[in-house]
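Note that this is a predicted model, so its numbers are computed, not measured. Here is the naming used below: chain letters follow the sequence lines, and residue numbers restart at 1 for every chain.
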Protein chains: 2
Amino acid sequence: MKTERLRKLRAAGWKVGTTRDFLNLSDEEAMLVELKLTLADALKLTRKKRGMSQIELAQRMGSSQSRVAKIEAGDASVSFDLIIRAFLAAGATRQELQRAFSIKEKVAA
Amino acid sequence: MKTERLRKLRAAGWKVGTTRDFLNLSDEEAMLVELKLTLADALKLTRKKRGMSQIELAQRMGSSQSRVAKIEAGDASVSFDLIIRAFLAAGATRQELQRAFSIKEKVAA
DNA sequence: TGAGTATATGTCGTATTTGACATATACTGC
DNA sequence: GCAGTATATGTCAAATACGACATATACTCA
């Protein structure tokens, strides 16, 4: 795992220690976190592709700019439900959502 | 949409009226519900394929049999996070999870 | 540089989701 | 029919996620 991603995890409030500690999380937990970050990145991309601001997206989904920011930052307080809602509200199709789920880490640790 | 699925939605506590009403839900909301039910079905299949009882799965994921039952029933009180957690705890790979996301309705309404 | 816009971060009261428990129903072999 | 096992349903206190707000920081363009 790259240092940058680790930094991002910590910044987002995840209880992550060293790389070693992270690897010691149960596979499920690790995969869950990875999935969320992957979706968060995909959401950000989708939103920008549509030339949409966080405020616009927030309005579309009945939320607030700050929460959208947290979603995209992979904040620990954000659920899958909210990410997926945001994704769909950003205009993504089910197929795009599915594709986002399949994107793996760009770089192996 | 088939009547059976509609019945299932109501039974699960979703605020669903007639087929017409359902179709009037925002596309996002409808897709969200559909996705949850799809995942719920896939989870049940995965669990049974591994010869696992709801109690076993519950223990693996630190939850209870009743909640696993609700997950598989597509209960309205269950989040994506919990479904995905269950899915992974049932031993599904990320690829299987992704595949589950891609499964569409078997029958068009 | 500064104004204008976009995004990030921290906090909080409220709403939703949770595991746990009790208990009901379904299924299976006898 | 009756056990024994699996699954379903209802409820609730505690945990978590939520939108909202304030405010900080970043980015653009003149």
Side-chain angles (χ1 to χ4, degrees), chain A residues 4 7-16 26 28-29 32-33 35-37 39-90, chain B residues 4 7-15 28-29 32-33 35-37 39-90:
Chain A
E4 166 57 17
R7 187 205 58 73
K8 199 173 173 186
L9 282 173
R10 281 210 205 81
W14 296 97
K15 303 241 166 33
V16 177
S26 74
E28 287 90 20
E29 205 58 34
L32 221 67
V33 174
L35 272 175
K36 282 196 182 181
L37 291 179
L39 281 185
D41 288 349
L43 164 65
K44 194 163 190 168
L45 217 71
T46 298
R47 175 178 65 77
K48 293 209 161 183
K49 212 175 279 178
R50 321 250 176 190
M52 203 181 298
S53 72
Q54 289 186 344
I55 290 187
E56 286 181 89
L57 177 55
Q59 285 169 342
R60 270 177 204 258
M61 58 186 290
S63 183
S64 61
Q65 178 269 325
S66 60
R67 195 131 290 273
V68 170
K70 283 179 222 282
I71 296 172
E72 294 186 352
D75 191 283
S77 81
V78 174
S79 71
F80 264 109
D81 297 62
L82 197 62
I83 303 177
I84 295 175
R85 257 199 194 85
F87 210 75
L88 296 178
Chain B
E4 166 57 18
R7 188 205 58 73
K8 199 173 173 187
L9 283 172
R10 281 210 204 81
W14 297 97
K15 303 239 165 34
E28 287 90 19
E29 205 58 35
L32 224 66
V33 174
L35 272 174
K36 281 196 183 182
L37 291 178
L39 282 185
D41 287 349
L43 164 65
K44 194 164 191 168
L45 217 72
T46 298
R47 175 178 65 77
K48 293 210 161 183
K49 212 175 277 178
R50 322 251 176 189
M52 203 181 296
S53 72
Q54 290 186 344
I55 290 186
E56 285 180 89
L57 177 55
Q59 286 168 342
R60 270 178 204 257
M61 58 186 288
S63 183
S64 60
Q65 178 269 326
S66 61
R67 194 131 290 275
V68 170
K70 284 180 223 284
I71 296 172
E72 294 186 351
D75 190 283
S77 81
V78 174
S79 72
F80 264 110
D81 296 63
L82 197 62
I83 303 177
I84 294 176
R85 257 198 196 86
F87 210 74
L88 297 177

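- Residues A:Lys36 and A:Val78 fail the side-chain proximity criterion, which asks for heavy atoms closer than 4.5 Å.
- Within 4.0 Å (heavy atoms only), A:Val78 reaches sugar-phosphate atoms of the nucleic acid but no base atom.
- Checking D:dA8, D:dA17, C:dT11 against every side-chain atom of A:Lys70, the shortest atom distance belongs to C:dT11.
- A:Leu57 has its CG atom 15 Å from the C1' atom of C:dA8, to the nearest Å.
- Counting atom types as modelled, B:Gln54 pairs no side-chain N or O with a base atom of D:dA8 as donor and acceptor under 3.5 Å.
- Between B:Ala90 and B:Met52, the shortest heavy-atom contact is O-CE, 3.9 Å.
- Between the CZ atom of B:Arg85 and the P atom of C:dT18 there is a distance of 8 Å, rounded to whole Å.
- When the options A:Gln54, A:Glu56, A:Gln59, A:Lys70 are evaluated for a side chain to side chain donor-acceptor pair (under 3.5 Å) with A:Gln65, the one that passes is A:Gln54.
- For D:dC21, its base never sits under 3.5 Å from the side chain of A:Ser64 at any donor and acceptor pair.
- Remark: C1' of C:dG19 and CD1 of B:Ile71 are 11 Å apart, rounded to the nearest angstrom.
- When distances run from any side-chain atom of B:Ser66 to the nucleotides D:dT7, C:dT7, D:dT9, the shortest one goes to D:dT9.
- Look at CD1 on B:Ile84: it is 12 Å from P on C:dT18, rounded to the nearest Å.
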